[in-house]
Amino acid sequence: MSPAPAPEQPRRRAALQLRGVERTYREGAGGLTVLSGANLQLFAGEMVALVAPSGAGKSTLLQIAGLLEHPDKGDVVISGYATGKLSDQERTRLRRLHIGFVYQFHHLLPEFTAQENLMMPQLIRGIPKKEAAHRAMQLLAYMRVKERATHRPSEMSGGEQQRVAIARAVANGPRVLLADEPTGNLDPTTAGFVFDGLTRLVRASKLACLIATHNHDLAARMDRVITLEGGKVLELRRQPALAAVRPPETQGRAEG
Ligand code: ADP
């Protein structure tokens, strides 16, 4: 009798996985290969910085990881679901349930307050109004911008707008948060405070977070730093989670 197979080691399942992703833009003669066998695993609770020069393919990688673009080859696996063979409708559903996005510009709805901006995606998903309002306030508190709940975006500073945008991105409880230069529009001090809020959210919600950034100070505060070279993902640094949120005495000051 053949021996029983060894029990599988319990393995952590990646919240997001890119497997051999390829992407070539076929405009003009020859086309431009941006991703060529890109592999990545992103786990719950970790913050990973994606640092690479302009044009290296950071946005393309985030768009593909977020199921907004199709890879030419390879697959994106979200919480164990391989997405390559899914219909557009199924991809959209998976994206809505599992992925949050933050961009350099906030894209908040101008005619609604901060709280309403956070309630909107929840109401669309069918969450009762009272529950959505409560969660909105909780998230605004995490981002230290609760006192702006009744303000419209035009009545907030750039840093406050971006805090609200980050809170909105996680309003529906995604597993994965993808951010493309989330503090690129802010001065360094404000960027640091906004990043503190983002870190609190990621740690508390055990989000898997991938952040494209040019800000090396912020990258240094993340768990891992990766880059893109020749269309592949390379690991630049891996280390245990730093105490990414600064000590309380620096947090009391006016946060931008
Ligand atoms: P990054 O975010 O690192 O600046 P991008 O992913 O935006 O890089 O772009 C990588 C390369 O692909 C750039 O040379 C860019 O011009 C090109 N590119 C991006 N999107 C498209 C597109 N839709 N069509 C053709 N080329 C594109």
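Positions are given from 1 along the sequence. One-based numbering, in listed order, for ligands and for the atoms of each.
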For the residue pair T33 / Y25, report whether a side-chain donor-acceptor contact shorter than 3.5 Å exists.
no
With a 3.5 Å distance limit and no angle check, can you tell me whether R224 reaches the backbone of E235 through a side-chain donor-acceptor pair?
no
With distance as the sole test, does R135 use its side chain to make a donor-acceptor pair with the main-chain N or O of A171 at under 3.5 Å?
yes
Does the protein place any heavy atom closer than 4.0 Å to atom 16 (O) of ligand 1?
no
Donor-acceptor pair, distance only, cut-off 3.5 Å: does the side chain of E131 make one with the backbone of P128?
no
Is the shortest side-chain N to carboxylate O distance from R221 to D196 below 4.0 Å?
yes
Taking distance alone, with N or O pairs closer than 3.5 Å, would you say S54 contacts ligand 1?
no
Please verify whether a non-hydrogen atom of P53 lies at under 4.0 Å from ligand 1.
yes
Say whether, by atom type as modelled, one donor and one acceptor occur between the side chain of Q162 and the main chain of F105 under 3.5 angstrom.
no
Classify the ring geometry between Y103 and H107 as parallel (under 30°), tilted (30 to 60°) or perpendicular (over 60°).
perpendicular
For T60, which part has a heavy atom under 4.0 Å from ligand 1: side chain, backbone, both, or neither?
both
What do you reckon, does G57 have a nitrogen or oxygen under 3.5 Å from a nitrogen or oxygen of ligand 1?
yes
Within a distance under 4.0 Å of any heavy atom of K58, pick out the atoms of ligand 1 and give their elements.
1 (P), 2 (O), 3 (O), 4 (O), 6 (O), 8 (O)
State whether the side chain of T190 and the backbone N or O of L186 hold a donor-acceptor pair below 3.5 Å, judged by distance alone.
no
Under a 4.0 Å heavy-atom limit, does A52 contact ligand 1 with its side chain, its backbone, both, or neither?
neither
Which protein heavy atom lies closest to atom 7 (O) of ligand 1, and at what distance to 0.1 Å?
S59 CB, 3.6 Å
Run down the list L35, V34, T24 and name the one with the heavy atom closest to atom 12 (O) of ligand 1.
V34
Counting only heavy atoms closer than 4.0 Å, does ligand 1 sit against the backbone of L32, its side chain, both, or neither?
side chain
Would you check whether G55 has a nitrogen or oxygen atom less than 3.5 angstrom from a nitrogen or oxygen atom of ligand 1?
yes
among protein heavy atoms, the one nearest atom 23 (N) of ligand 1 is Y25 CE2, 3.7 Å
